[in-house]
Amino acid sequence: MSRTNYSAYMAIKKQVLEIFKTETFEKNKLPSEAALAERLGISLVTLREALLMLALEGYVTKRHGSGNYVHPSTLDYENRSYYFVECLKKDGYDTEIRLMNQSWQKAGEELSQALKIQSGDVVLRNQIVYLANDKPAVLTYGHIPEKLLVRRDVAHMSFDQIHTLVHDYCQRDVAHSLNEYLPMGLPKELSGLFGLLEGTPIIASKQVFYDVQDTPVVYNIHYFYPGIYKVKTLQNWDLGV
């Protein structure tokens, strides 16, 4: 599905998933594609594109000559959310994203390697906290190379959706991110914010977003408050068949 149809796909996906969540199907087999397209008021081609994307995400299995099968076990899976706020809301929290600090800094070895820039290049560093019922749930340090920015009003950035931020401030389209999760002890400088002792076991992650030309555009380091934001993954076995 082309990027220009992304919003349309998300709207269709929402409708299809609502059907999956509220209805049951014998042996989990979906109605014919023609019947489903007619019900949604979309073309058969559009539906097939949406079902293909849903299959890649693990919601649906497509079997040639047999049909499409929905997997109820995947429908409320936390890792389906693209954003921390969505995950926290699913767990019943009132959420807020708060920008704590912005600064310009020169890239050291870690930033230069992650963002494929020169050591000493300037990056914008955003310190963001995701609140759950007014309690810090995730602390994020985000880094964007200065040379990618096409706007200077960075104080007005919205951190609700990373792909929107990157498009608005870098004129780039996000394609994907690579995420590495790491167990660690809580750093001393974060103990006050989290209200936990230094060295408390936590999960952190390092995340690099890439644009459609496979250029790194954002490097995030996330620290997760224990027990609030939980990480689960789903392995779509059908992709290996």
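Quick caveat, the model's predicted, so the values are computed rather than measured.
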Colleague: From C87 SG over to I228 CD1, what is the distance, rounded to the nearest 0.5 angstrom?
Modeller: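 With rounding to 0.5 Å, SG (C87) is 13.0 Å from CD1 (I228).
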
Colleague: Please walk me through it: do L139 and L193 pass side chain to side chain contact (heavy atoms under 4.5 Å, CB included)?
Modeller: CA-CA 9 Å; L139 177 69; L193 176 69; 3.8 Å; yes

Colleague: Could you list all the salt bridge (Lys or Arg N to Asp or Glu O under 4.0 Å) pairs where at least one residue sits in residues 175-193, not counting sequence neighbours?
Modeller: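 Passing the test, one end in residues 175-193: no pairs.
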
Colleague: Is H143 reaching over with its side chain to a backbone N or O of V123, donor-acceptor style, under 3.5 angstrom?
Modeller: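 The answer is no, because no donor-acceptor pair under 3.5 Å joins these two groups.
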
Colleague: If you measure from SG on C170 to CG on L165, what distance do you get to the nearest 0.5 Å?
Modeller: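 With rounding to 0.5 Å, SG (C170) is 7.0 Å from CG (L165).
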
Colleague: Find the distance between CG (N126) and CG (L99) and round it off to the nearest 0.5 Å.
Modeller: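 So the CG of N126 and the CG of L99 are separated by 6.0 Å.
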
Colleague: Identify the residue among F84, F194, Y93, Y130 that makes a ring pair (Phe, Tyr, Trp, His ring centres under 6.0 Å) with Y225.
Modeller: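 Of F84, F194, Y93, Y130, ring pair (Phe, Tyr, Trp, His ring centres under 6.0 Å) with Y225 is met by F194 alone.
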
Colleague: Kindly give the heavy-atom pair with the smallest separation between D168 and V150, and that separation in Å.
Modeller: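 Residues D168 and V150, closest heavy atoms: O-CG2, 4.2 Å.
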
Colleague: Side chains of V60 and V16: does their closest heavy-atom pair fall under 4.5 Å?
Modeller: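 Side chain of V60 against side chain of V16, heavy atoms only: no contact under 4.5 Å found.
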
Colleague: Going from CG on L88 to CG on D94, what distance comes out if it is rounded to the nearest 0.5 angstrom?
Modeller: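 Going from CG on L88 over to CG on D94, the span is 10.5 Å.
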
Colleague: Would you say D153's side chain and H156's backbone share a donor-acceptor pair under 3.5 angstrom?
Modeller: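 Absent.
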
Colleague: Could you name each residue pair satisfying salt bridge (Lys or Arg N to Asp or Glu O under 4.0 Å) that touches residues 121-147, not counting sequence neighbours?
Modeller: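 Output for this query lists E146-R152.
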
Colleague: I'd like to know if the side chain of T22 reaches the main chain of E18, judged simply by a donor and an acceptor atom lying under 3.5 Å from each other, with no hydrogens or angles considered.
Modeller: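 Present.
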
Colleague: If you draw a 6.0 Å radius around CD in E109, do more than 12 non-hydrogen atoms from other residues or ligands fall strictly inside?
Modeller: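 No, not enclosed.
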
Colleague: Do you know the tightest heavy-atom contact between P216 and V208?
Modeller: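 In terms of heavy atoms, the two residues are closest at CB-CG1, 3.9 Å.
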
Colleague: Looking at N28 and Y69, would you say the former's side chain and the latter's main chain have a donor-acceptor pair under 3.5 Å?
Modeller: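 Checking the backbone N and O of Y69 against the side chain of N28, no donor-acceptor pair under 3.5 Å is found.
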
Colleague: Looking at every non-hydrogen atom in both residues, tell me the closest pair between A132 and A137 and how far apart they are.
Modeller: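 Nearest pair, atom of A132 first, then A137: CB-CB, 4.0 Å.
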
Colleague: How long is the straight-line distance from CG of L47 back to CD of Q15, given to the nearest 0.5 Å?
Modeller: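 The CG atom of L47 is 10.5 Å from CD of Q15, to the nearest 0.5 Å.
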
Colleague: If you measure from CZ on F159 to CD1 on I128, what distance do you get to the nearest 0.5 Å?
Modeller: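 Rounded to the nearest 0.5 Å, the CZ-CD1 separation comes out at 4.5 Å.
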
Colleague: Apply side chain to side chain donor-acceptor pair (under 3.5 Å) to H71 and list each qualifying residue two or more places apart in sequence or on a separate chain.
Modeller: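 Expected list: T61.
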
Colleague: Quick one: closest heavy-atom pair of V70 and P72, and the distance?
Modeller: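 Shortest heavy-atom separation between V70 and P72 comes out as O-CD, 3.3 Å.
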
Colleague: Is the CZ atom of R151 crowded by more than 12 outside heavy atoms at less than 6.0 Å?
Modeller: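 More than 12 within 6.0 Å, yes.
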
Colleague: Do T164 and S158 come within less than 4.5 Å of each other through their side chains, counting heavy atoms only?
Modeller: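 No. Closest side-chain heavy atoms not under 4.5 Å.
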
Colleague: Is L30 close to F20 at the side-chain level, that is, under 4.5 Å between some pair of heavy atoms?
Modeller: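 Yes, side chains in contact.
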
Colleague: Please name all residues satisfying side chain to side chain donor-acceptor pair (under 3.5 Å) with T215, sequence neighbours left out, ordered by chain then number.
Modeller: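 In terms of side chain to side chain donor-acceptor pair (under 3.5 Å), with neighbours along the sequence ignored, T215 is linked to no residue.
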
Colleague: Can you name the nearest heavy-atom pair linking V174 to H163, along with the distance?
Modeller: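 Nearest pair, atom of V174 first, then H163: CG2-CA, 3.9 Å.
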
Colleague: Under 3.5 Å, side-chain donor or acceptor atoms of residues 195-206 against the rest of the protein: list the pairs with distances, not counting sequence neighbours.
Modeller:
from: T200; atom 1: OG1; to: L197; atom 2: N; distance (Å): 3.4
from: T200; atom 1: OG1; to: L197; atom 2: O; distance (Å): 2.6
from: K206; atom 1: NZ; to: E110; atom 2: OE2; distance (Å): 3.3

Colleague: What I want to check is whether the side chains of Q207 and N220 have a donor and an acceptor closer together than 3.5 Å.
Modeller: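 There is such a pair between these side chains.
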
Colleague: Where does the angle between the aromatic ring planes of F224 and Y229 fall among parallel (under 30°), tilted (30 to 60°) and perpendicular (over 60°)?
Modeller: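 Geometry flag for Y229 against F224: parallel rings.
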
Colleague: Listed by chain and number, what are the side chain to side chain contact (heavy atoms under 4.5 Å, CB included) partners of S191, not counting sequence neighbours?
Modeller: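 With neighbours one apart ignored, the set is L186.
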
Colleague: Ignoring hydrogens and geometry, is there a side-chain-to-backbone donor-acceptor pair from Q171 to H167 under 3.5 Å?
Modeller: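 Flag set: sc Q171 to bb H167 pair under 3.5 Å.
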
